[in-house]
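Written out below as structure tokens is the structure these notes cover.
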Amino acid sequence: MAKNRKRPGRTRTKRDNRRASMLLSSIDPQEINLREGEMKSIKCPDCRTWRRLMGDTTLKIREHCISDKVADGEKHVRCDGSNQVVVLDISVEQWSEAVLAADSTATGRRSGRVIRKPRASVPTPVHRLGSMPGPSTRLISARTQARNAVNRHRSECGVCRTGRARCTVGRELEIRMGHTDATVRLANEQRESALRAAAAPTIPRTQQWRRVVKDVNRVDDARRALVPAAAALTGALGVPLAPQDVEAHERRQAELGSQYALRNTASTAARGEMAGPAAVESALMDGHVRASGNDGQD
């Protein structure tokens with residue numbers, strides 16, 4: 001069965017948009033596609049959307065509307081860029097070289113340096129926020145009382161009410177309120193400083209150990225010099241080098257030697273049953289010699 005071969009889109013009209021023809025050499029290489037095996041397309045100069053190029057020798061932008069939502073009910077409005085003629089004043093090979101040159105230029109503009117993002121600071125755990133020092137309830141209450149006393153005095157005193165002068169009592173109350181406010185402000189600053197210190201990353205354990213390793217080694221060497229190696233284990237029992245009962249040890253060794261000799265003699269006799277009486281007698285004599293030798297060594 002014959003397959004339908006791919007054919008370029010035909011230009012179904014001889015009309016154009018009565019504009020000057022667009023030259024391929026004047027179009028940005030990234031705004032037109034003439035690659036072999038792919039559909040020819042171009043970015044419409046009016047609506048700035050990719051549209052198909054119709055024709056084989058005479059290329060025209062396919063007729064299209066401004067909006068792509070005509071199927072959703074919008075009114076069809078013909079784009080002014082429809083049927084725009086595109087003239088291939090340069091070959092496709094020259095256009096491909098221009099595309100490669102543009103890609104290499106864009107690649108050269110990209111920085112090859114890796115810019116690492118700073119690590120986000122670790123927030124203070126919730127269970128540690130309550131332990132941070134802050135202004136006490138008593139201090140906040142004292143500041144509130146000082147402010148109320150100043151406001152009450154200003155409403156009752158005729159001199160302080162005008163705001164131009166202060167009486168002796170009003171000045172004293174304002175000084176006390178200023179001291180109380182400064183104390184509360186200092187407590188808040190100390191709390192914020194403690195929070196920042198808690199949120200800051202702690203020193204790694206390796207750095208902490210590097211700071212004290214010299215002192216630790218010096219103390220260890222001093223202790224080793226004071227305590228001899230032989231007396232390191234206080235009260236340890238020595239390893240016995242000789243048996244406690246020498247006669248019992250020699251008697252036990254003689255018994256073991258006799259048992260080994262008899263066992264070797266029996267195995268040798270079993271293997272040499274076909275060798276004759278002479279071989280058995282020789283094996284027995286060899287066993288007695290070995291037993292006597294073991295006794296002499298013990």
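Every value quoted in this text rests on a predicted model; they were computed, and no experiment measured them.
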Exercise. Is it the case that one hydrophobic cluster holds both V169 and I175, taking links as side-chain heavy atoms less than 4.5 Å apart, direct or via other members?
Worked result: no

Seminar exercise, completed: All heavy atoms of L34 vs all of W95, minimum pair found to be N-CH2, 3.3 Å

For this session: Would you sort out whether T183 and R143 count as a side chain to side chain contact (heavy atoms under 4.5 Å, CB included), showing the intermediate values?
Result: CA-CA 9 Å; T183 305; R143 183 183 62 177; over 6 Å; no

Exercise. Out of curiosity, I32 CD1 to I27 CD1, how far, rounded to the nearest 0.5 Å?
Worked result: 4.5 Å

For this session: Any chance you could measure S41, atom OG, to R52, atom CZ, to the nearest 0.5 Å?
Result: 10.0 Å

Exercise. Between CD of Q145 and OG1 of T180, what distance do you get to the nearest 0.5 Å?
Worked result: 9.5 Å

Exercise. Has E36 got more than 12 heavy atoms of other residues, nucleotides or ligands less than 6.0 Å from its CD?
Worked result: no

Problem set entry | Straight-line distance of C44 SG to E31 CD, nearest 0.5 Å | 10.5 Å

Problem set entry | pair V219-D215: side-chain heavy atoms closer than 4.5 Å | no

For this session: Give a yes or no on this: more than 12 heavy atoms of other residues, nucleotides or ligands lie within 6.0 Å of atom CZ of R161.
Result: yes

Problem set entry | Donor-acceptor under 3.5 Å (D89 side chain, L23 main chain) | no

Exercise. Taking all atoms of both residues into account, what is the closest heavy-atom pair of C160 and G170, and its distance?
Worked result: SG-CA, 4.2 Å

Problem set entry | Any donor-acceptor N/O pair, Q84 side chain to R18 backbone, under 3.5 Å | no

Exercise. How far apart are the closest heavy atoms of I61 and P45, and which atoms are they?
Worked result: CD1-CD, 4.0 Å

Problem set entry | Carboxylate-amine/guanidinium proximity below 4.0 Å for R252 and E255 | yes

Problem set entry | Close side-chain approach of L59 and V85, heavy atoms under 4.5 Å | no

Exercise. Is it true that atom CZ of R154 has more than 12 heavy atoms of other residues, nucleotides or ligands lying nearer than 6.0 Å?
Worked result: yes

Exercise. What heavy-atom pair brings C47 and R51 nearest, and what distance separates the two atoms?
Worked result: SG-NE, 4.4 Å

Problem set entry | Student check: side-chain heavy atoms of V99 and R35 closer than 4.5 Å | yes

Problem set entry | In one Ile/Leu/Val/Met/Phe/Trp/Tyr side-chain cluster, 4.5 Å: L53, I90 | yes

For this session: Spell out, yes or no, whether L186 and I140 are grouped together once hydrophobic residues are joined by side-chain heavy atoms under 4.5 Å, including indirect joins.
Result: no

Exercise. Between S21 and V87, what is the shortest heavy-atom contact and its length?
Worked result: CB-CG2, 3.5 Å

Exercise. More than 12 heavy atoms of other residues, nucleotides or ligands under 6.0 Å from CZ of R166: is that the case?
Worked result: yes

Exercise. What do you reckon, is CZ of R48 surrounded by more than 12 foreign heavy atoms closer than 6.0 Å?
Worked result: yes

Exercise. Do the charged groups of R251 and E247 touch, with an N to O distance under 4.0 Å?
Worked result: no

Exercise. Are V86 and V92 grouped together when hydrophobic residues (ILVMFWY) are joined by side-chain heavy atoms under 4.5 angstrom apart?
Worked result: yes

Exercise. Is there a side-chain contact between D80 and R19 (heavy atoms, below 4.5 Å)?
Worked result: yes

Exercise. Checking side chain to side chain contact (heavy atoms under 4.5 Å, CB included) for the pair W209/V216: CA distance, chi angles, key distance, verdict?
Worked result: CA-CA 10 Å; W209 175 251; V216 173; 4.1 Å; yes

For this session: Report yes if the side chains of C79 and I66 come closer than 4.5 Å at any heavy-atom pair, otherwise no.
Result: yes

For this session: Calculate, to the nearest 0.5 Å, the distance between atoms CE and CD belonging to M177 and E174 respectively.
Result: 6.0 Å

Exercise. Which value, rounded to the nearest 0.5 Å, describes the distance between M54 atom CE and E63 atom CD?
Worked result: 11.0 Å

For this session: Verify side chain to side chain contact (heavy atoms under 4.5 Å, CB included) between R224 and D221, making sure each step is shown before the conclusion.
Result: CA-CA 5 Å; R224 294 191 191 97; D221 295 341; 2.9 Å; yes

For this session: Compare every heavy atom of E38 with every heavy atom of N33, then report the nearest pair and how far apart it is.
Result: ND2-OE1, 3.0 Å

Problem set entry | side chain to side chain contact (heavy atoms under 4.5 Å, CB included) between D28 and K43, worked out | CA-CA 10 Å; D28 291 340; K43 184 179 288 188; over 6 Å; no

